[in-house]
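This report refers to the structure that appears directly beneath it.
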Amino acid sequence: MRIERARGTRDFLPEEMRKRRIMEERMRAIAERWGYEEIRTPTFERAELFTLKSGQEILKEMYEFADKSGRHLALRPEITASVIRMYLNELKMAPKPTKWYYFGNCFRYEEPQKGRFREFWQFGTEIIGSDSPEAQAELIALAFAMLTALDVQAELHVGHVGLIRELLRAATPLNEEQHAIVMRLIDKGERAAVIELMEDVGVEQSLIDDLLYLIELKGEDTLQEARDRGVIAAKSAALSELQALLELLAVYRVAYTLNLGIARGLDYYTGMVFEIYEVGGKLGAQNQVCGGGSYRLAKLFGGEDIPSTGFAFGFDRLAEIFERAEGDVRQGGVVVVPIGDKNVDRAITSAAIEMASRLREYVPTHIDLMNRSLKAQLKYANARNDLFAVMIGANELQAGVVTLRDLVTGSQEQLSVDACVEHLRARFESRLNDKNST
RNA sequence: GCCGGGGUGUGGUAGCGGUUAUCCCUGGGGACUGUGGAUCCCUAGACCUGGGUUCAAAUCCCAGCCCCGGCCCCA
């Protein structure tokens with residue numbers, strides 16, 4: 001019986017893993033240089049961690065289960081909630097801001113399609129302890145530094161849920177719960193439902209108009225325009241925060257599009273929110289590669305109210321876009337080839353294994369594991385792109401040498417074990433240096 | 001949750017009512033018994049699953065599973 005992969009999961013073959021490893025290393029390197037440290041949290045958590053404030057949308061997609069003693073658990077649908085939980089559990093006394101990054105798999109029960117899977121990877125960062133414009137700008141700039149390192153062309157959309165919240169607060173008949181509902185409707189783009197809800201509760205028509213005007217705002221000059229029209233109060237805290245952020249983004253030379261319609265599906269965002277979209281058209285409908293913003297989760301989990309800012313990349317979507325120029329072709333190594341019947345010629349086998357062990361201190365080396373003929377061993381080496389074969393048979397043993405064959409040129413020579421090791425070590429060392437310098 | 005298009009050896013495919021199920025790639029062996037990449041030969045290996053229609057199903061119908069994509073939402 002053939003067992004199929006679970007729907008929405010993937011196997012990664014060596015070639016794909018090489019590419020992902022390159023991407024991951026580039027992103028890690030940048031995070032480290034910006035002063036962020038790596039953390040890791042559990043793959044599953046108490047389900048309440050996610051149900052508490054992540055929003056309705058994520059609940060119906062969650063993998064929930066009970067363990068053998070009946071605990072209510074869930075596979076993480078995202079990682080931010082875990083990071084904050086971990087911070088509160090372990091590190092309340094840490095100097096702020098705490099700057100962390102993480103890379104891990106997440107799980108959501110959705111219909112798989114291009115760039116969307118049930119198990120997917122997020123690479124994210126969090127600044128815990130600050131949601132200042134400086135923190136927001138740094139974080140967005142960091143995201144773009146990573147995109148640049150991956151040669152991904154993308155555009156940034158920035159919004160601020162504070163502006164909408166301020167306006168909703170002014171709409172007196174609405175309570176907190178209704179605010180959340182309206183936010184969700186805005187995020188979904190369900191304009192008609194927003195109007196209906198607000199009219200039902202009896203919100204003034206002018207306020208409804210203002211709200212609709214606000215969420216449609218797009219583009220850089222619209223902020224001033226909105227203020228001139230009195231839609232945004234001149235002394236709005238959210239407005240001045242957003243303006244400060246935009247100024248800093250200019251300093252970081254990150255281009256942006258203002259989009260106040262971004263409300264985001266996770267309910268915990270409280271301030272700046274942003275989304276980044278790939279612009280090359282390689283992702284079809286799922287072109288959002290990054291999302292994030294400022295939030296206040298800590299209080300919900302029983303801690304003090306810690307302002308934080310974070311984002312998460314959809315790593316798989318980046319992988320879809322990322323073309324690797326170099327390092328694409330697997331660089332072959334060395335094969336040690338014992339010649340003769342391994343079952344009979346124990347001495348040859350031993351000599352070959354000893355040779356392989358020495359070479360493995362310096363170069364990728366493999367040795368026949370299938371008792372193949374000389375011919376078949378070379379064929380395998382050829383198919384693997386190996387560069388050298390070290391052949392050891394009865395003749396070599398008797399003469400105290402090995403035969404080193406250059407699989408690219410086809411030339412070969414006999415030399416001592418030490419000389420052969422030294423020769424290969426030198427060859428591969430210089431190759432590694434070449435690779436690092438490019 | 002909704003809507004399209006698909007599942008044939010390891011991978012890529014042809015066949016679309018009756019064939020010994022095609023070709024390329026791959027594994028093993030050989031021509032060439034201590035030398036890979038070319039050529040040729042032998043050999044291994046497949047019709048997603050379950051029902052139905054039919055004398056006869058890979059082929060037609062239905063359901064499920066899976067894949068690819070779109071809507072919605074997200075990363």
Side-chain angles (χ1 to χ4, degrees), chain A residues 1-11 13 15 54-62 76-80 103-124 143 154 184-185 187-190 262-266 273-278 283-292 310-321 332 335 337-341 345 348 370-398 402-412 414:
Chain A
M1 186 181 76
R2 181 170 179 157
I3 311 277
E4 302 287 345
R5 235 184 305 123
R7 186 167 165 76
T9 62
R10 290 155 297 156
D11 296 315
L13 293 165
E15 191 190 347
S54 288
Q56 293 303 309
E57 289 305 313
I58 232 160
L59 288 191
K60 46 182 199 199
E61 299 170 355
M62 225 163 59
R76 59 187 177 195
E78 50 111 20
I79 298 183
T80 300
F103 179 56
N105 50 353
C106 300
F107 306 84
R108 291 186 198 174
Y109 192 85
E110 291 189 274
E111 286 315 300
Q113 53 187 274
K114 191 176 183 64
R116 169 182 295 175
F117 309 96
R118 289 186 175 174
E119 182 187 25
F120 60 100
W121 272 260
Q122 286 195 338
F123 190 111
R184 206 168 298 134
L185 291 174
D187 189 48
K188 283 188 173 176
E190 296 192 22
I262 300 175
R264 307 211 33 81
L266 301 172
V273 287
F274 72 96
E275 295 179 347
I276 301 175
Y277 309 94
E278 189 257 337
L283 286 175
Q286 278 68 235
N287 67 337
Q288 188 184 327
V289 294
C290 182
F311 68 73
F313 274 113
F315 189 81
D316 307 278
R317 293 183 182 175
L318 294 176
E320 199 105 346
I321 304 164
V335 57
V337 182
I339 304 163
D341 189 335
D345 304 311
I348 291 172
M370 311 223 329
N371 207 7
R372 277 174 166 151
S373 67
L374 167 59
K375 180 176 171 166
Q377 291 190 57
L378 286 177
K379 201 169 172 188
Y380 179 67
N382 185 57
R384 282 181 43 94
N385 251 330
D386 284 324
L387 302 176
F388 293 96
V390 178
M391 296 183 283
I392 303 174
N395 299 345
E396 282 82 1
L397 269 194
Q398 201 150 39
V402 296
T403 299
L404 175 63
R405 181 176 179 84
D406 184 323
L407 291 174
V408 178
T409 65
S411 65
Q412 61 184 48
Q414 297 205 321

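Predicted model only: the values in this text are computed from it and were never measured. Letters A, B, ... are given to chains in the order of the sequence lines, protein chains preceding strands, and every chain is numbered from 1.
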Students often get this wrong, so: under 4.0 angstrom with heavy atoms, is [X] touching a base, only sugar-phosphate, or nothing?
{"X": "A:Ala394", "value": "base"}
{"X": "A:Glu278", "value": "nothing"}
{"X": "A:Gly124", "value": "nothing"}
{"X": "A:Phe123", "value": "nothing"}

Among [options], which nucleotide sits nearest the side chain of [X]?
{"X": "A:Thr403", "options": "B:U35, B:C74, B:G70", "value": "B:U35"}
{"X": "A:Glu111", "options": "B:G34, B:C2, B:C73", "value": "B:C2"}
{"X": "A:Glu396", "options": "B:A75, B:G34, B:U35", "value": "B:G34"}
{"X": "A:Asn382", "options": "B:G69, B:G36, B:C74", "value": "B:G36"}
{"X": "A:Arg7", "options": "B:C67, B:G70, B:C73", "value": "B:C67"}
{"X": "A:Glu110", "options": "B:A75, B:G36, B:G34", "value": "B:A75"}
{"X": "A:Arg317", "options": "B:G36, B:G34, B:A75", "value": "B:A75"}

Searching all strands shown, indicate the nucleotide that pairs with [N] (Watson-Crick or G-U wobble; both distances under 3.5 Å).
{"N": "B:A46", "value": "none"}
{"N": "B:C72", "value": "none"}
{"N": "B:U33", "value": "none"}
{"N": "B:C16", "value": "none"}

For atom [atom1] of [X] and atom [atom2] of [N], their distance in whole Å:
{"X": "A:Ile321", "N": "B:A75", "atom1": "CD1", "atom2": "C1'", "result": "11 Å"}
{"X": "A:Gln113", "N": "B:C3", "atom1": "CD", "atom2": "P", "result": "15 Å"}
{"X": "A:Asn105", "N": "B:A75", "atom1": "CG", "atom2": "C1'", "result": "13 Å"}
{"X": "A:Arg118", "N": "B:C73", "atom1": "CZ", "atom2": "C1'", "result": "15 Å"}

Are the side chains of A:Val289 and A:Ile321 in contact, using a 4.5 Å heavy-atom criterion?
yes
If you take atom types as modelled and just measure distance, does the side chain of [X] reach the base of [N] with a donor-acceptor pair under 3.5 Å?
{"X": "A:Arg108", "N": "B:A75", "result": "yes"}
{"X": "A:Arg5", "N": "B:C65", "result": "no"}
{"X": "A:Gln377", "N": "B:U35", "result": "no"}

Find which nucleotide of RNA chain B each of A:Asn395 and A:Gly314 is nearest to by heavy atoms, and output the residue with the more 5' nucleotide.
A:Asn395
Of A:Ala6 and A:Asp316, the one whose closest RNA chain B nucleotide lies more 5'
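Its nearest nucleotide lies further toward 5', so the answer is A:Ala6.
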How far does the C1' atom of B:G1 sit from the matching atom of B:C72, given to the nearest Å?
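The answer is 9 Å between these two C1' atoms.
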When you compare B:C61 with B:U53, how far apart are their P atoms, in angstrom units rounded to a whole number?
15 Å
pi-stack flag for A:Phe313 and B:A75, centroid dist under 5.5 Å, interplanar under 30°
no
NZ/NE/NH1/NH2 to OD/OE distance under 4.0 Å, A:Glu111 and A:Arg7
yes
Any sub-3.5 Å donor-acceptor pair from A:Arg372's side-chain atoms to A:Gln377's backbone N or O?
no
Any A:Gln288 side-chain N or O less than 4.0 Å from OP1/OP2 of B:C74
no
Hey, can you tell me if A:Phe123 and A:Phe103 have their rings parallel, tilted or perpendicular (30° and 60° cut-offs)?
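The rings of A:Phe123 and A:Phe103 sit tilted, inter-plane angle from 30° to 60°.
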Of A:Gln122, A:Met62, A:Glu110, which is the lone residue that meets side-chain contact (heavy atoms from CB on, under 4.5 Å) with A:Pro77?
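Looking at A:Gln122, A:Met62, A:Glu110, the match for A:Pro77 under the side-chain contact (heavy atoms from CB on, under 4.5 Å) is A:Met62.
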Between A:Gln412 and A:Thr403, is there a side-chain donor-acceptor contact under 3.5 Å, judged purely by atom types and distance?
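No, A:Gln412 and A:Thr403 have no side-chain donor paired with an acceptor closer than 3.5 Å.
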Got a sec, which residues hit ring pair (Phe, Tyr, Trp, His ring centres under 6.0 Å) with A:Tyr380, two or more places apart in sequence or on another chain?
A:His366
Reading nucleotides 24-33 of chain B 5' to 3', which nucleotides get B (base under 4.0 Å from a protein heavy atom), which S (sugar-phosphate only), which -?
---SS-----
